[in-house]
Amino acid sequence: MNVMNIEFMGYKPLEQDYRFWLVVNPATWLIPTLLAVLVVALLVHVVAFSLPGQGWSAPAPVAVEAAPAVEAAPAQ
């Protein structure tokens, strides 16, 4: 398999991408990142459910009656 060797402004991603993972080590940052995402998601839900007329205490929607069916004209 011939992979194209790309170079952008002196940066060779295929040769130098390992440097990113030296800084952002998943073994160190994965769980704290997931916990931060969980906290943000919980806060968004708490705020959304605390809005008036939203959440579990929201009033039931008003039932809408169906429009009468339109009959097709008889074929001639």
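Not measured: the values here are computed from a predicted model. Every heavy atom of this structure was used, including side-chain atoms; hydrogens, water molecules and symmetry mates were not.
Hydrophobic clustering (side-chain heavy atoms under 4.5 Å, transitive across Ile, Leu, Val, Met, Phe, Trp, Tyr) keeps L42 apart from V44.
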Practice item. Show your reasoning for whether side chain to side chain contact (heavy atoms under 4.5 Å, CB included) applies to L35 and V39. Key: CA-CA 6 Å; L35 290 175; V39 167; 5.5 Å; no
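No side-chain heavy atom of L43 sits less than 4.5 Å from a side-chain heavy atom of V47.
Between W29 and T33, the closest heavy-atom pair is O-OG1, 2.6 Å.
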